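All chains are named by letter (A, B, ...) in the order of the sequence lines, taking the proteins before the strands, and each is independently numbered beginning at 1. None of these values were measured; they are calculated from a predicted model.
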Number of protein chains: 2
Amino acid sequence: MSFPRTKIISMSNGQNKSNPPHVQNRGRKATQAILDASLELAEQSGLDSVTVEGIADYAGVAKTTIYRRWPNVSSILMDAVLSQVNAAAPIEEQSTLRETFAVSMKLLTKLYAGRNGKILRALIGRAQVEESLREAIETRWVEPRRKLARELLRRGMRRGEIRPDLDTDVVLDLLYGAIYHRLLVPYKNGKLNERFVEVLLDAVFGGITVRPGTS
Amino acid sequence: MSFPRTKIISMSNGQNKSNPPHVQNRGRKATQAILDASLELAEQSGLDSVTVEGIADYAGVAKTTIYRRWPNVSSILMDAVLSQVNAAAPIEEQSTLRETFAVSMKLLTKLYAGRNGKILRALIGRAQVEESLREAIETRWVEPRRKLARELLRRGMRRGEIRPDLDTDVVLDLLYGAIYHRLLVPYKNGKLNERFVEVLLDAVFGGITVRPGTS
DNA sequence: CTCATAACGATACGATGCGTAGCGATGTCG
DNA sequence: CGACATCGCTACGCATCGTATCGTTATGAG
């Protein structure tokens, strides 16, 4: 039984388990060097100027070795970033729904302010013209988080914290959409910080219309 | 009085008035052919595969002629799209605040579903790694619309339609952020249509928390 | 109508990166 | 201690970039 000449580790799904068992220490070291190099170079000079040849030089690896694993730069960085980022902004249930999202959204703003966030933002940008990257972001980044967040919203509905007739995806678009809007669509004074998250939650959970209880 | 050898028409601001008067019919035809070609090619095969040489061929124009006007492909498409798009999704006051944004947001979803919308989306994507493009989008697309929308929100506050203590930018991030979120950050079943706009407005203007008046 | 000149078209150039192919060298596993 | 998968290395054709050069053409002032 032989394995296909060209094997793409991931990008298609998150499972590397079916790798050829022959890939051992030597291969792993090269793989890790490539991932590290891609992050380093992307941070230094921006995703657009990261090239396969640049990564190869920096990682001390042959260009062909890279092409044996990934089809392009985007997929390398996707793997490199996701391995670190998925744990950086978890969604964990707190005492109230509002507190749950307050914590999550503040972690998210911190993530995007950091090293990997800059790269992740660039990847979302490139995903607008690269269909396979768009799919990868959906499958490996957005959907897993959405799935969890939807469930938390439903529990909040059952506890009577929010209206039970709402479309959970619409609520998530409200909360996280505002953050991504500031991140991706530029305008003056569109700061992305913890204060913004608080003001935002006030508006969403307090409602934007005038109501009796509001002094 | 002579003009600089290399003159970039726009991208920096929206004013072409200070063009050399010597640029007349011949030059204008070439300019228009370049703009048309860039749109055509971008729609055909995606922004990423649009090249200066490709535009030159398609427009029947020398490559040098293009470089005399624009520094790169992004700025060509920015000019080409904005000349058509700014009028396609205006923000005009309706009888109520909710109706004002309902109309505006539905026009926006239609815009992004169309030919120029696809390109505009790709430009926003590339703006994540191209600083000058980011500035151009902010100055020539987002800020003018924000300025108008903020004013409309303030008038709605004075009329008592929404809470007067809100940050207008946060409200706009809620409304339009949700749309751009669906547009740019992919997830399953994230359709961008008129129905979404209605459901979204229900959630924002109706509030997401449980309130007495809601059956 | 004539002519100076600004702008254009065409061509050539070095540089860079892509993705592939061929091949000898090396580590790894049975 | 072989057999073989994988690696590093070099070389290749191709596309595009952005610039320079130069002959050609349209245009408007006199």
Side-chain angles (χ1 to χ4, degrees), chain A residues 1-9 11 16 18-35 37-38 41-42 45-77 126 129-130 132, chain B residues 1-9 11 16 18-35 37-38 41-42 45-77 126 129-130 132:
Chain A
M1 177 192 291
S2 70
F3 292 89
R5 182 69 52 80
T6 311
K7 45 186 127 71
I8 307 308
I9 290 189
M11 184 83 180
N16 302 24
S18 60
N19 273 344
H22 314 292
V23 173
Q24 290 301 342
N25 260 337
R26 186 170 52 152
R28 292 198 182 280
K29 289 216 173 185
T31 300
Q32 195 56 47
I34 293 168
L35 291 174
S38 71
L41 292 176
S45 37
L47 183 148
D48 235 35
S49 52
V50 177
T51 73
V52 173
E53 298 189 329
I55 295 176
D57 285 350
Y58 195 94
V61 152
K63 195 168 60 159
T64 41
T65 301
I66 296 181
Y67 279 111
R68 287 185 187 110
R69 291 170 164 74
W70 293 277
N72 53 50
V73 171
S74 303
S75 52
I76 302 174
L77 277 166
R126 179 163 289 188
V129 292
E130 201 177 312
S132 61
Chain B
M1 178 190 292
S2 69
F3 293 89
R5 181 68 52 81
T6 311
K7 44 186 126 71
I8 307 307
I9 291 189
M11 183 83 180
N16 302 24
S18 59
N19 273 344
H22 314 292
V23 175
Q24 291 302 342
N25 260 338
R26 188 171 51 153
R28 290 198 184 280
K29 289 215 175 187
T31 300
Q32 196 56 48
I34 293 167
L35 291 174
S38 71
L41 292 177
S45 37
L47 183 147
D48 234 35
S49 53
V50 177
T51 73
V52 173
E53 298 188 329
I55 296 176
D57 285 351
Y58 195 95
V61 151
K63 196 168 60 158
T64 39
T65 302
I66 296 180
Y67 277 112
R68 288 186 186 107
R69 292 171 164 72
W70 294 276
N72 51 51
V73 172
S74 304
S75 51
I76 302 174
L77 278 167
R126 179 165 288 189
V129 291
E130 202 177 311
S132 61

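Between A:T65 and D:dC7, a side-chain N or O to OP1/OP2 separation shorter than 4.0 Å is absent.
In this structure, the CH2 atom of A:W70 is 18 Å from the C1' atom of C:dC18, given to the nearest Å. Computed from coordinates, the A:D48 CG to C:dT16 P distance equals 17 Å when rounded to whole Å. As rounded to whole Å, 13 Å separates atom P of C:dG9 from atom NZ of B:K29. Distance A:N72 CG to C:dG17 P: 16 Å, rounded to the nearest Å. Nucleotide D:dG13 holds its P atom 14 Å from the NZ atom of A:K63, rounded to whole Å. Following rounding to the nearest Å, A:Y67 (OH) and C:dG19 (P) show an atom-to-atom distance of 4 Å. Between the CD1 atom of B:I34 and the P atom of C:dA7 there is a distance of 14 Å, rounded to whole Å. Across the protein-nucleic acid pair, B:R28 atom CZ and C:dC8 atom C1' stand 16 Å apart, rounded to whole Å.
At a non-hydrogen distance threshold of 4.0 Å, B:T51, B:V52, B:E53 from residues 50-60 of chain B come into contact with DNA chain D.
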Give each protein N/O atom lying under 3.5 Å from an N/O atom of nucleotides 22-24 of chain C, with the pair distance.
none

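In this structure the side chain of A:W70 never reaches within 4.5 angstrom of the side chain of A:L77, judged on heavy atoms.
To the nearest 0.5 Å, atoms CG (B:L47) and OG (B:S74) are separated by 6.0 Å.
Within the structure, side-chain hydrogen bond (donor to acceptor under 3.5 Å, both in side chains) contacts touching residues 55-65 of chain A (residues at least two apart or in different chains) are A:E53-A:K63.
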